[in-house]
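Just below is one structure, and these are the notes that go with it.
Atoms within a ligand are numbered from 1 in the order they appear, just like the ligands themselves. Here, residue 1 is the first one in the sequence, and each next residue gets the next number.
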Amino acid sequence: MSCCRICLPETLPAQQQGSKARVSLGGGPGSGWRQGAAASPFYSSSQGGAMASGSSSKGGSKDGVNVQVVLRCRPRNGIEGRSPEVVSCYESRREVVLHQNVAGKQQSRTFMFDKVFGPGANQTSLYDQAIVPIVAEALQGFNCTIFAYGQTGTGKTYTMEGANCGASEGDLPNDAGVIPRAVKQIFDHLERSQIDSSVRVSFLEVYNEELTDLLDVDDGMQQAARSKLKIMEDKTGVVVQGLEDCIVNDAAEIYQVLERGSAKRVKAETLLNKQSSRSHSIFTITIHIKETTSEGEDVVKIGKLNLVDLAGSECISRSGAKDGRAREAGSINQSLLTLGRVINTLVEHSGHIPYRDSKLTRLLRDSLGGRTKTCIIATISPTAMCHEETLSTLDYAHRAKNIRNRPEINQKISKTTMIRELTVEIEHLKEELLAQRTKNGVFVPLERYQETELHHSAMAQKLSSLEEQIEAKAMEVGVQPTI
Ligand SMILES: Nc1ncnc2c1ncn2[C@@H]1O[C@H](COP(=O)(O)OP(=O)(O)OP(=O)(O)O)[C@@H](O)[C@H]1O
């Protein structure tokens, strides 16, 4: 009979769930702390550098800020043949015009965005103009999310990851996308300011409503065989239980991690894209920076950058998706549909927000209407062949501009709290290690374990539905829900 071992005590403190710090790649220091000029081990009294500030936890505007929406139109590609161009981009006016010929009459619709990048815009100009300020905010201690949304084959992965950048060192290639450039900006900043800091990354895949860890060491394993992770919610927000958080010591290490994880994403050829990503991916960079308050107390400032590459929205018949691929496309569209419903409800203030209807929206909850600073990069094709999907992307993205978030700088953690949490984590890890070695953990038969799991998930569903009812009731009577 196969058995599952459960070590007691089972759980880590809330903040540490899903943050199984792993030995750093490339053999750097185990703690993962990069030390500034005057640093002593772990913490030093060096003055944090340009960004050091007091220990206040609020930094955002009270009324909130709108989600930023950037529009990018890629150049035409080989697949589009001679299909005429129907999109005009006016970068300085921040406008996009979509033309259509209806019964011999020219009709056009104009959309305005926070920034517009036409087919001639390269990766550097998009990054410098639209992304640099967001990454700077993550370095100041905000949670920030940048996500690419658009029809399949319109350049989401090209925009987020880029092309030909692999595990590069030194200068980035011209085709490098947002992720490698953000990594470079972060490490350049930390090196320049000589502050004590640590950087961790995780890489999550959402495929057919299942979550897998793209950094898990499961070489060669098919997606279906990889272990599936669970989403948990606690006071600190959404956590993915069991997701590895790798400590990285320099930009080159992150490029390796990105390349390794990206190679594992589910991809397939469709009629619209030879290398179509069939999953959503979330690459998260967490930055811990040490600061000293004016009272001389050492505190840690934490900033987070979520870089999301969504699977393409697509018309199933036009993309050539069949059987398993059609189910996949159905699941992709389903989660994007939920994302659309979440956006609509937020914009129209029309009651209950269906975050819980898909894994993607549960994960992005704080980025849409929450405390995160969010930027959406909407990608489109310039040709008539994609007119319908382009219109849908433009409508969707234009609507998203009205979402208001209330970003707040993350609460700084004092040295004492951090040491206490790390000590607890070490104790738990020691207990797990000892139980592994001596096999004296708690063993239960697989069937009983599965029963308990079923019971837990039924309870969790019941709790969710109760929470939803409370939220809906609170909306009805116009009070802020406290759950
Ligand atoms: N702005 C651009 N400049 C040059 N080439 C581009 C641009 N955008 C996309 N491409 C090229 O178009 C092709 C499709 O792009 P990509 O795979 O990034 O699309 P996608 O939106 O991520 O598609 P899917 O949703 O199917 O994964 C790639 O070969 C990519 O290199």
Side-chain angles (χ1 to χ4, degrees), residues 70-81 83 85 87 89 91 96 115-131 146-166 173-181 205-208 214 223 258 261-283 307-321 325-326 328-336 339 360 376-383 385-386 389-390 392-394 396-397:
V70 170
L71 189 283
R72 182 178 208 183
C73 179
R74 67 154 164 73
R76 71 160 53 242
N77 64 26
I79 301 171
E80 289 164 323
S83 179
E85 302 216 347
V87 173
C89 294
E91 299 187 0
V96 177
K115 292 212 162 43
V116 168
F117 296 90
N122 61 22
Q123 301 278 63
T124 312
S125 61
L126 180 129
Y127 188 82
D128 289 350
Q129 290 176 47
I131 311 297
I146 300 169
F147 68 87
Y149 172 84
Q151 183 200 353
T152 179
T154 49
K156 296 179 296 298
T157 306
Y158 178 79
T159 300
M160 294 308 283
E161 294 182 15
N164 320 313
C165 41
N174 293 339
D175 273 337
V178 166
I179 301 181
R181 285 171 197 269
E205 176 174 57
V206 186
Y207 176 68
N208 279 348
L214 288 170
Q223 202 278 346
L258 177 62
S262 185
K264 284 193 196 169
R265 276 187 77 183
V266 181
K267 295 195 183 85
E269 180 171 349
T270 68
L271 293 180
L272 301 172
N273 188 1
K274 278 203 158 65
Q275 278 277 305
S276 176
S277 314
R278 314 306 297 157
S279 63
H280 311 295
S281 75
I282 305 182
F283 187 79
L307 301 155
V308 187
D309 181 9
L310 297 179
S313 56
E314 63 192 34
C315 166
I316 295 180
S317 56
R318 287 221 309 113
S319 69
R325 293 274 162 242
E328 202 179 67
S331 159
I332 294 170
N333 286 352
Q334 180 58 37
S335 52
L336 294 174
L339 182 62
L360 181 70
I376 298 176
I377 306 174
T379 56
I380 56 171
S381 142
T383 60
M385 198 177 132
C386 300
E389 287 89 349
T390 300
S392 143
T393 301
L394 290 170
Y396 201 101

Within less than 4.0 angstrom of ligand 1, does Ala163 place any heavy atom? no

Is Thr154 in contact with ligand 1, taking contact as a heavy-atom separation below 4.0 Å? yes

Between ligand 1 and Ala311, is the shortest N or O to N or O distance under 3.5 Å? no

Shortest non-hydrogen pair, Leu336 vs Tyr396, comes out as O-OH, 2.8 Å

Inter-residue atom distance Leu71.CG - Ile376.CD1, 0.5 Å rounding: 11.5 Å

Minimal heavy-atom distance between Arg76 and Glu85, with the atoms involved, is NE-OE2, 3.3 Å

Please say which of Ser281, Ser279, Ser262 ends up in a side chain to side chain donor-acceptor pair (under 3.5 Å) with Glu205. Ser279

Does Thr152, backbone or side chain, put an N or O under 3.5 Å from an N or O of ligand 1? yes

Please tell me whether Asp128 and Ser125 have a donor and an acceptor in their side chains that are separated by less than 3.5 angstrom. no

Heavy-atom distance to atom 15 (O) of ligand 1: which of Gly120, Gly155, Gly177 wins? Gly155

In Å, rounded to the nearest 0.5 Å, how long is the span from CE of Met160 to CD of Gln123? 11.0 Å

For ligand 1, which atoms have a heavy atom of Arg72 less than 4.0 angstrom away? 1 (N)

Worked check of side chain to side chain contact (heavy atoms under 4.5 Å, CB included) between Gln129 and Val70: CA-CA 10 Å; Gln129 290 176 47; Val70 170; over 6 Å; no

With a cut-off of 4.0 Å, which atoms of ligand 1 are near a heavy atom of Pro75? 1 (N), 2 (C), 3 (N)

Single hit among Val96, Ile380, Thr379, Thr154 for side chain to side chain contact (heavy atoms under 4.5 Å, CB included) with Cys73: Ile380

Can you find an N or O of Thr157 that's nearer than 3.5 Å to an N or O of ligand 1? yes

Show the atoms of ligand 1 that are less than 4.0 angstrom away from any heavy atom in Gln151. 21 (O)

N/O to N/O below 3.5 Å, does that happen between Thr379 and ligand 1? no

Which atoms of ligand 1 are found less than 4.0 Å from any heavy atom of Lys156? 18 (O), 19 (O), 20 (P), 21 (O), 22 (O), 23 (O), 24 (P), 25 (O)

